[in-house]
Amino acid sequence: MAVRQIIEFGDETLRKRAREVEKIDDRIATLVEDMKETMALANGVGLAAPQVGVLRRVVVVELEGVGVVELINPVIKKTSGHQEDIEGCLSYPGEYGITSRPMNVTVEALNLEGKKVKYSVSGLSARAVCHEVDHLDGKLFIDCVLRMLEPDELKGDKKE
Ligand code: ZN
């Protein structure tokens with residue numbers, strides 16, 4: 001395992017659409033392990049492959065009550081409700097805003113074993129899943145932010 005460098009805003013890689021994973025091979029397995037390590041070190045709750053410069057549809061995310069999971073070719077199947085809360089991004093260090101997201105999300109994906117997995121999550125985990133899946137389509141949290149926070153409004157939250 002190795003920690004990878006997180007790409008920051010301004011890099012056009014973050015605006016590109018990531019490609020589907022066709023075969024879950026050793027490269028994807030290494031990517032997932034590296035992303036988990038990189039996310040943990042950065043104290044994040046989610047990380048998408050484009051953030052480490054890899055344009056593949058791979059996400060790692062920490063889900064409440066589940067732990068850190070990999071989502072390969074994730075698709076959001078269902079959303080409901082609405083929440084507005086503080087969101088940040090490892091590619092935007094130190095910047096936070098209030099975003100509007102669904103309260104509940106059901107996501108389907110493949111895991112590293114190639115098995116179909118399905119998670120229904122809410123609250124922070126739902127925000128994290130939406131945020132990371134958006135990254136795969138070149139969409140960033142600043143695109144759906146309602147209001148950026150001033151530095152004195154920040155609290156010690158984990159970053160998405
Ligand atoms: Zn992000």
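Numbers for residues simply follow the sequence, beginning at 1.
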Between [atom1] on residue [X] and [atom2] on residue [Y], distance to nearest 0.5 Å:
X	Y	atom1	atom2	result
D85	R127	CG	CZ	4.0 Å
R27	R56	CZ	CZ	8.0 Å
R101	C144	CZ	SG	3.5 Å
M148	I142	CE	CD1	7.5 Å
L14	I6	CG	CD1	10.5 Å
I72	I24	CD1	CD1	4.0 Å

Do S91 and E8 pair up side chain to side chain, a donor and an acceptor below 3.5 Å, judged on atom types alone?
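S91 vs E8: no donor-acceptor pair found between side chains.
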Ignoring hydrogens and geometry, is there a side-chain-to-backbone donor-acceptor pair from [X] to [Y] under 3.5 Å?
X	Y	answer
T38	R4	yes
E108	K116	no
E37	A2	yes
D143	L140	yes
D134	K139	no

For the residue pair [X] and [Y], establish whether any side-chain heavy-atom pair is separated by less than 4.5 Å.
X	Y	value
L146	E84	yes
E33	T30	no
V69	L63	yes
V105	S120	no
V121	E64	no
V59	H135	no
V68	V61	no
T13	Q51	no

Between N104 and T79, is a side chain to side chain contact (heavy atoms under 4.5 Å, CB included) present by the stated rule, with each step listed?
CA-CA 5 Å; N104 310 292; T79 65; over 6 Å; no
Heavy-atom nearest pair, G97 first then V145, reads CA-CG2, 3.5 Å
Could you pull out the closest heavy-atom pair between A126 and P102, with the gap in Å?
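Smallest heavy-atom distance, with atoms named: CB-O, 3.9 Å.
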ILVMFWY cluster, [X] and [Y] together (side-chain gap under 4.5 Å):
X	Y	answer
L47	L110	yes
Y96	I98	yes
L31	V60	yes
M35	V3	no
M39	V54	yes

Is it the case that atom CG in D25 sees more than 12 heavy atoms from other parts of the structure closer than 6.0 Å?
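Enclosed.
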Under 6.0 Å from the CZ atom of R15, do we count more than 12 heavy atoms belonging to anything else shown?
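Counting neighbours around CZ of R15, more than 12 heavy atoms of other residues, nucleotides or ligands fall under 6.0 Å, so yes.
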Parallel, tilted or perpendicular: which describes the rings of F9 and Y92, with under 30° parallel and over 60° perpendicular?
parallel
Could you go step by step and tell me if T106 and I76 meet the side chain to side chain contact (heavy atoms under 4.5 Å, CB included) rule?
CA-CA 6 Å; T106 298; I76 291 175; over 6 Å; no
Taking side-chain contact (heavy atoms from CB on, under 4.5 Å) as the test, write out the residues that go with R17, two or more places apart.
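Listed in chain order: E20, R57, D137.
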Mind running side chain to side chain contact (heavy atoms under 4.5 Å, CB included) on L71 and Y119 for me, showing each step along the way?
CA-CA 10 Å; L71 302 174; Y119 298 103; 3.8 Å; yes
For the pair L55 and R19, evaluate side chain to side chain contact (heavy atoms under 4.5 Å, CB included) and give the outcome as yes or no after the intermediate values.
CA-CA 6 Å; L55 285 169; R19 285 184 297 130; 5.9 Å; no
